[in-house]
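Structure first, commentary second.
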Amino acid sequence: MMLVREVFHCKPGKVRPMIEKSKEMAKLSEQSGMGKMKILTDFCGGPYWTIVYEMEVENMQAFDDMMQGKGQNAEDMKKMEKIMEGYHDLIDHGHREIYKIEG
């Protein structure tokens, strides 16, 4: 199993709109069979205004398939595009972390 963390640093004042988009995306993703995603916000630490998505995948091929939208129908993909429309305006920068779950 692998743990994938998508870390986004939002622009000031843009965390709440990004959380709302994230919740809609997570709900649609789970309904589409892509698995459950946790949405985390920073409590303290480095840069403020941080949102993290965490999801577990069986392996890197499963993650790659998910990123390519494999298994999603065209209607769900259109809904996802609509939900995430304009999200780049909310984000300053981000990165991805991928870990092998050892125990």
Side-chain angles (χ1 to χ4, degrees):
M1 287 293 273
M2 309 294 286
L3 174 70
V4 179
R5 299 179 79 230
E6 303 280 358
V7 181
F8 298 103
H9 301 287
C10 295
K11 295 176 181 175
K14 301 300 181 183
V15 172
R16 182 57 44 200
M18 189 62 191
I19 289 171
E20 296 308 316
K21 285 184 176 294
S22 301
K23 287 180 177 180
E24 289 182 59
M25 182 186 67
K27 183 178 177 182
L28 181 59
S29 294
E30 190 169 359
Q31 290 172 352
S32 299
M34 295 173 61
K36 189 167 178 73
M37 179 175 73
K38 290 182 184 177
I39 302 168
L40 312 160
T41 56
D42 64 295
F43 191 72
C44 66
Y48 293 116
W49 311 302
T50 300
I51 296 176
V52 178
Y53 302 161
E54 278 191 351
M55 63 203 102
E56 290 184 15
V57 294
E58 190 64 35
N59 53 42
M60 289 309 301
Q61 184 61 55
F63 177 68
D64 188 45
D65 289 348
M66 182 179 67
M67 294 304 291
Q68 292 182 40
K70 291 183 180 175
Q72 274 192 310
N73 62 45
E75 183 180 334
D76 285 346
M77 290 180 79
K78 285 182 182 181
K79 287 179 185 176
M80 187 69 74
E81 287 175 15
K82 181 69 176 164
I83 290 168
M84 296 311 289
E85 191 173 273
Y87 90 95
H88 286 118
D89 297 333
L90 308 174
I91 302 297
D92 182 50
H93 65 281
H95 66 275
R96 177 178 294 140
E97 301 169 357
I98 302 176
Y99 301 94
K100 182 178 177 188
I101 299 173
E102 299 287 351

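For the numbers below, each heavy atom of this structure counts, side chains included, while hydrogens, waters and symmetry mates do not. This one's a predicted model, so the numbers in the text were calculated from it and none came from an experiment. In this chain, residues are counted from 1 in sequence order.
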To the nearest 0.5 Å, tell me how far M37 CE sits from E6 CD.
9.0 Å
Quick one: closest heavy-atom pair of Q68 and M77, and the distance?
O-CE, 4.5 Å
NZ/K21: more than 12 non-hydrogen atoms of other groups inside 6.0 Å
yes
Heavy atoms of other groups near K11 NZ, more than 12 under 6.0 Å
yes
Minimal non-hydrogen separation, M80 against L28, with atom names
N-CD2, 3.5 Å
Roughly how far apart are K14 NZ and W49 CH2, rounded to 0.5 Å?
12.5 Å
Would a single hydrophobic cluster contain both V52 and I101, if residues Ile, Leu, Val, Met, Phe, Trp and Tyr are joined by side-chain heavy-atom contacts under 4.5 Å?
no
Kindly compute the distance separating CD1 (I39) from CD (E54), expressed to the nearest 0.5 Å.
11.5 Å
May I have the step-by-step check of side chain to side chain contact (heavy atoms under 4.5 Å, CB included) for M1 and E58, ending in yes or no?
CA-CA 5 Å; M1 287 293 273; E58 190 64 35; 3.4 Å; yes
Distance check, rounded to the nearest 0.5 Å: M18 atom CE versus L90 atom CG?
6.5 Å
Do the non-hydrogen side-chain atoms of M66 and V4 ever get within less than 4.5 Å of each other?
no
Could you give the distance from OG (S22) to CE (M84), rounded to the nearest 0.5 Å?
5.5 Å
I'd like to know if K78 and E75 make a salt bridge, using a cut-off of under 4.0 Å between side-chain N and carboxylate O.
no
Considering all heavy atoms, the nearest D42-Y48 contact:
OD2-CA, 3.7 Å
Please evaluate residues M25 and E30 with respect to the criterion side chain to side chain contact (heavy atoms under 4.5 Å, CB included), reporting the C-alpha separation (whole Å), side-chain torsions for both, the decisive distance (0.1 Å), and the verdict.
CA-CA 9 Å; M25 182 186 67; E30 190 169 359; over 6 Å; no
Rounded to the nearest 0.5 Å, what's the gap from CD1 on I51 to CD1 on I19? Could you check?
4.5 Å
Would the number of heavy atoms belonging to other residues, nucleotides or ligands and lying under 6.0 Å from NE2 of H88 be above 12?
no
Heavy atoms only: give me the nearest D76-N73 pair and the separation to one decimal.
N-OD1, 2.7 Å
